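Remember, predicted model here, so these are calculated numbers, not experimental data.
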Amino acid sequence: MGDWKRTHYCGELRPSHARQKVFVAGWVDRRRDLGNLIFLDLRDHTGIVQVVLNPEISREAHDKGEQVRGEYVLGVEGEVVSRAKHTVNPQIATGEVEVQAQSILVLNEAKTPPFPLDDGARTSEEARLRYRYVDLRRARMQRNLRLRHQASLAVREHMNEHGFLEIETPFLTRSTPEGARDYLVPSRLRHGHFYALPQSPQLFKQLLMVGGFDRYFQIVRCFRDEDLRADRQPEFTQIDVEMAFPQRDELFDIIERLMEKLFALLDVKVERPFPRLPYDEAMERYGSDKPHIGFGLDWKRIALPEAMSGKLNTAPSAKMLRLAEQGHFSRSQLDKVQDLAKASGADWFSYIKTADKGLQSPLVKAVGEPAVETLAREAGMTSGDILLLIGTKADGASVMKARHLDEASGAIRLELAERLGLIKSGGWNFVWVVDFPMFEHNEKEKRFVAMHHPFTSPREEDLPKLETDPAAAKARAYDLVLNGQEIGGGSIRMHRRDVQAGVFRVLGLTEEKARERFGFLLEALESGAPPHGGIALGWDRIIALMAGESNIREVIAFPKTASAVDLMCDAPAPVDPEQLDELGIKIADP
RNA sequence: GGGGACGUAGUUCAGCUGGUUAGAACGCAUGCCUGUCACGCAUGAGGUCGCGGGUUCGAGUCCCGUCGUCCCCGCCA
């Protein structure tokens, strides 16, 4: 830029700068050529200011301006002047002033952009990702990544205040069984051996506790080679947190205060403490382990009287949902709910309406009025209410597990909330879901798998259940949920070797196999491991929620497509045969 | 792996039951224009209808396959 130095940002010029000589630099957002007078909107990361090229001020600047096009990069030297009243533009922050150019410097030319940069112009994601460096200039991405930066600063400040050290952990590490598919990195020095990129720094953070660091956190990239979704990228960021000698409620408090600080960036006041909801209750009432609690529509598990379930040919365990004052639900609306219930896995659906002339329900015919009345009374129905009922078939072979019934109830609840307009925007409904089961039964493999991970501690009172009834054992594991989205999860870890051995037994892992898989961690736990526990927060999801984006790609500078491709640099890509030779790798024919 | 939606000009889209030269808006180029700010006016350029095959006298349109993007299920903490 020669001897020139930028003195101001475009977006900060105000009437108070009037008559000052300034040098601004940026991109040409728009050009309006009136012939002998040219207006340029000059844009940088702070905003837009209007530059006037007037041949009466500078012939040379005006002549150069005739060649200038959109997205050219310019330096402009000129004088800030207040605009005449009738030429003020109230739509932009700098609209009361403009820069009268004395000279302009074309720092770079630019091809016509591949798509319009106006905020609000609709553009296919494909084009945006292909030309991400242009897309990033748009106000939306500038805003989102700025927010992300400020939020990251808040995390570091907050964790530091609470005694947490940010410590880096390796990206080139070892593949661990269980969990997601690993991204593998071949070793040049040991052919046939591979590093794995971490799915999370789980093991390392536990080792840092064993190593005596007491409190650790990291804003860290994690990698999982699984199919993608709107809220899942192959590489994503976690706020990883671990503490020694943990009290669960102290950890919750630290995280709640962190959320408070983050949302303060949006001028949102967060209510603390967050409610805590046992997993079983979440499943019963909301049919989800990540419930949106910003509205009612609570389900209740009931046992149908034997006579009734017999006549209906359903299993006795069922669920009901009382919709207060929704008695106006039409037959066709109820049919739609029924379709949804069936589609989401319920075998049986019915309802009871309270009408002027009494109870109205297809059940009356099937099981008689008194039975229906009993149900209505049990549900606490009053006039104008409607009661939805779902259940499962009676026959043993296709008995749907209670879990599936819960899932159906959750799907119905969300759909109803959507239709009834119960989901308010601008609400921030945090909830801790606690007391997750230790184990989940894998129906395919007919064995228990760890619901969180195999180093999660059971609740003290559930220790005996490891032997007697593993399915009923609850873990000291928890998720943080915001507006029905899981934004974090963690647990208090196991530090007692004997309990760990019991868990391995349930998982069907012999001592030998466990050694083989997790040897170094088990050894570390035997070297004097303090009690420890922590949490990992899904950073991309949190930022997306804060930014009001429904897709985490909008808060990631260079994201990948749903098929894990980087459209900008065209990765993944083939490599030279020499590179493969060095790694001792041959590509198999398809 | 499965399901759904989409793919036409640089961009966003229209194109009906198959029918003559594939359109619009914005953008772009050229010219005119001294108070515009989504400047205006005039003129113009710009198309492998994703790709391959098939049906047909004739395909952007119908069929099959394939590739890509998005969303969902499976998968994944």
Query raised in the report: Going by the angle between their ring planes, with limits at 30° and 60°, are A:Phe252 and A:Trp432 parallel, tilted or perpendicular?
Result: parallel

**Report entry** P atoms of B:U66 and B:G27, separation to the nearest Å
**Finding:** 41 Å

**Report entry** P gap between B:A24 and B:U43, integer Å
**Finding:**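 It comes out at 13 Å once rounded to the nearest Å.
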
Report task. Indicate whether OP1 or OP2 belonging to B:C71 is found under 4.0 Å from a side-chain N or O atom of A:Arg553. Result -> yes

Query - Atom CZ of A:Phe194 with >12 non-hydrogen neighbours under 6.0 angstrom - result: yes

Requested in this report: Report, as a single string ordered 5' to 3', how protein heavy atoms within less than 4.0 Å touch nucleotides 38-46 of chain B: B base, S sugar-phosphate only, - not at all.
Outcome: SB-------

Identify the pairs formed between an N or O of the protein and an N or O of nucleotides 4-8 of chain B at a distance under 3.5 Å, and give each distance.
none

Query - Paired nucleotide for B:C57 [Watson-Crick or G-U wobble; both distances under 3.5 Å] - result: B:G19

Query raised in the report: Looking for any heavy atom pair under 4.0 Å, which part of the strands does A:Arg224 touch: base, sugar-phosphate only, or nothing?
Result: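 Sugar-phosphate contact only - A:Arg224 comes under 4.0 Å of backbone atoms but never of a base.
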
Requested in this report: Give none if B:U11 has no partner; otherwise give the nucleotide forming a Watson-Crick or G-U wobble pair with it, both distances under 3.5 Å.
Outcome: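 With both distances under 3.5 Å, B:U11 matches B:A25.
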
Query - A:Asp41/A:Arg30 ion pair, N-O < 4.0 Å - result: no

Query raised in the report: Roughly how many Å is it from CD in A:Gln67 to C1' in B:A29, rounded to a whole number?
Result: 13 Å

Requested in this report: Please measure how far the C1' atom in B:G46 lies from the corresponding atom in B:A25, and state the result in whole Å.
Outcome: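 To the nearest whole Å, 15 Å.
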
Requested in this report: Could you work out the separation of B:U8 and B:G60 based on their P atoms and round it to a whole Å?
Outcome: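 Those two atoms are separated by 15 Å.
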
**Report entry** Side-chain N or O of A:Thr123 closer than 4.0 Å to phosphate OP1/OP2 of B:U11
**Finding:**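 For B:U11, neither OP1 nor OP2 has a side-chain N or O of A:Thr123 closer than 4.0 Å.
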
**Report entry** Pairing nucleotide - B:C76, Watson-Crick or G-U, each distance under 3.5 Å
**Finding:** none

Report task. Would you indicate what A:His453 reaches in the nucleic acid, counting non-hydrogen atoms under 4.0 angstrom: base, sugar-phosphate, or nothing? Result ->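 The answer is nothing, as A:His453 stays clear of every strand by at least 4.0 Å.
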
Report task. Would you please classify the geometry between the A:Tyr131 ring and the A:Tyr133 ring as parallel, tilted or perpendicular, with 30° and 60° separating the classes? Result ->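 Perpendicular.
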
Query raised in the report: For A:Tyr478, which of A:Val433, A:Ile492, A:Asp435 qualifies under side-chain contact (heavy atoms from CB on, under 4.5 Å)?
Result: A:Ile492

**Report entry** Presence of salt bridge, A:Asp566 and A:Arg132, under 4.0 angstrom
**Finding:** no

Query - Euclidean distance for P, B:A5 against B:G19 (whole angstrom) - result: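 Nearest-Å result for B:A5 against B:G19 at atom P: 23 Å.
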
**Report entry** Rounded interatomic separation in angstrom, taking CD from A:Glu66 and P from B:C33
**Finding:** 10 Å

Query raised in the report: Any side-chain N or O of A:Gln50 less than 4.0 Å from the OP1 or OP2 oxygen of B:U36?
Result: no

Report task. Scan A:Gln199 against the nucleic acid and name what it touches under 4.0 Å (heavy atoms): base, sugar-phosphate only, or nothing. Result -> sugar-phosphate

**Report entry** Under-3.5 Å donor-acceptor pair between A:Arg229 side chain and B:G74 base
**Finding:**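 For A:Arg229, whose side chain was compared with the base of B:G74, there is a donor-acceptor pair (under 3.5 Å).
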
Query raised in the report: Taking CD from A:Gln100 and C1' from B:U36, how many angstroms apart are they, rounded to a whole number?
Result: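 Checked: the CD to C1' distance equals 14 Å.
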
Requested in this report: State whether the distance check finds a donor on one side and an acceptor on the other, under 3.5 Å, for side chain A:Arg128 versus base B:U11.
Outcome: no

Report task. Using atom CG of A:Leu482 as one end and atom P of B:A77 as the other, report the distance to the nearest whole Å. Result ->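 Rounding to the nearest Å, CG of A:Leu482 and P of B:A77 are 22 Å apart.
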
Requested in this report: Please state how far atom CD1 in A:Ile57 lies from atom C1' in B:G35, giving the value in whole angstrom units.
Outcome: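 Computing the A:Ile57:CD1 to B:G35:C1' distance gives 13 Å.
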
Query raised in the report: Taking atom types as modelled and ignoring hydrogens, do the side chains of A:Ser103 and A:Glu77 form a donor-acceptor contact shorter than 3.5 angstrom?
Result: yes

**Report entry** Any-strand Watson-Crick or G-U partner of B:A5, both distances under 3.5 Å
**Finding:** B:U69

Query - Watson-Crick/G-U partner (both atom distances under 3.5 Å) of B:C32 - result: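 Its partner is B:G40.
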
Query raised in the report: Between A:Thr561 and B:G68, does any side-chain N or O lie under 4.0 Å from OP1 or OP2?
Result: no

Requested in this report: Give a yes/no answer on whether the side chain of A:Arg69 brings an N or O atom under 4.0 Å of OP1 or OP2 in B:A29.
Outcome: yes

Query raised in the report: CG of A:Leu228 versus C1' of B:U69: gap in Å, rounded?
Result: 13 Å

Query raised in the report: Looking for any heavy atom pair under 4.0 Å, which part of the strands does A:Gly179 touch: base, sugar-phosphate only, or nothing?
Result: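 The residue A:Gly179 makes sugar-phosphate contact but no base contact.
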
Query raised in the report: Only one of A:Asp240, A:Thr237, A:Thr169 clears side chain to side chain donor-acceptor pair (under 3.5 Å) with A:Gln218; which?
Result: A:Thr169

**Report entry** A:Tyr9 ring center within less than 6.0 Å of A:His45 ring center
**Finding:** yes

Query raised in the report: Which part of the nucleic acid, if any, lies within reach of A:Thr87 when heavy atoms closer than 4.0 Å are counted: base, sugar-phosphate only, or nothing?
Result: base

Report task. Report yes if the ring of A:Phe115 lies under 5.5 Å from the six-membered base ring of B:U11 with planes under 30°, and no otherwise. Result ->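 Answer is no, no stack.
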
Report task. Using distance alone, with no hydrogens and no angle criterion, decide if A:Gln50 and A:Asn89 have a side-chain donor and acceptor under 3.5 Å apart. Result -> no

Report task. Take atom P in B:C13 and the same atom in B:C70, then report the distance between them in whole Å. Result ->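 Rounded to whole Å, the distance is 15 Å.
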
Query raised in the report: Start at the 5' end of RNA chain B and walk down; is the nucleotide closest to A:Phe236 or to A:Ser563 reached first?
Result: A:Ser563

Report summary line: Per nearest nucleotide of RNA chain B, the residue lying toward the 5' end, A:Asp479 or A:Val52, is A:Val52

Query raised in the report: When A:Arg493 is tested against each of A:His532, A:Gln500, A:His453 for side chain to side chain donor-acceptor pair (under 3.5 Å), which residue passes?
Result: A:His453

Query raised in the report: With a 6.0 Å cut-off on ring centres, are A:Phe274 and A:Phe430 close enough?
Result: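 Yes, ring centres under 6.0 Å apart.
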
Query raised in the report: Would you say the base of B:G35 and the side-chain of A:Glu98 have a donor-acceptor pair closer than 3.5 Å?
Result: yes

Query - Length of the line joining A:Arg83:CZ and B:U36:C1', which is rounded to integer Å - result: 9 Å

Report task. Under 4.0 Å between any heavy atoms, over every strand shown, what does A:Ser200 touch: base, sugar-phosphate, or nothing? Just pick one. Result ->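 Answer is nothing: A:Ser200 stays at 4.0 Å or more from every strand.
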
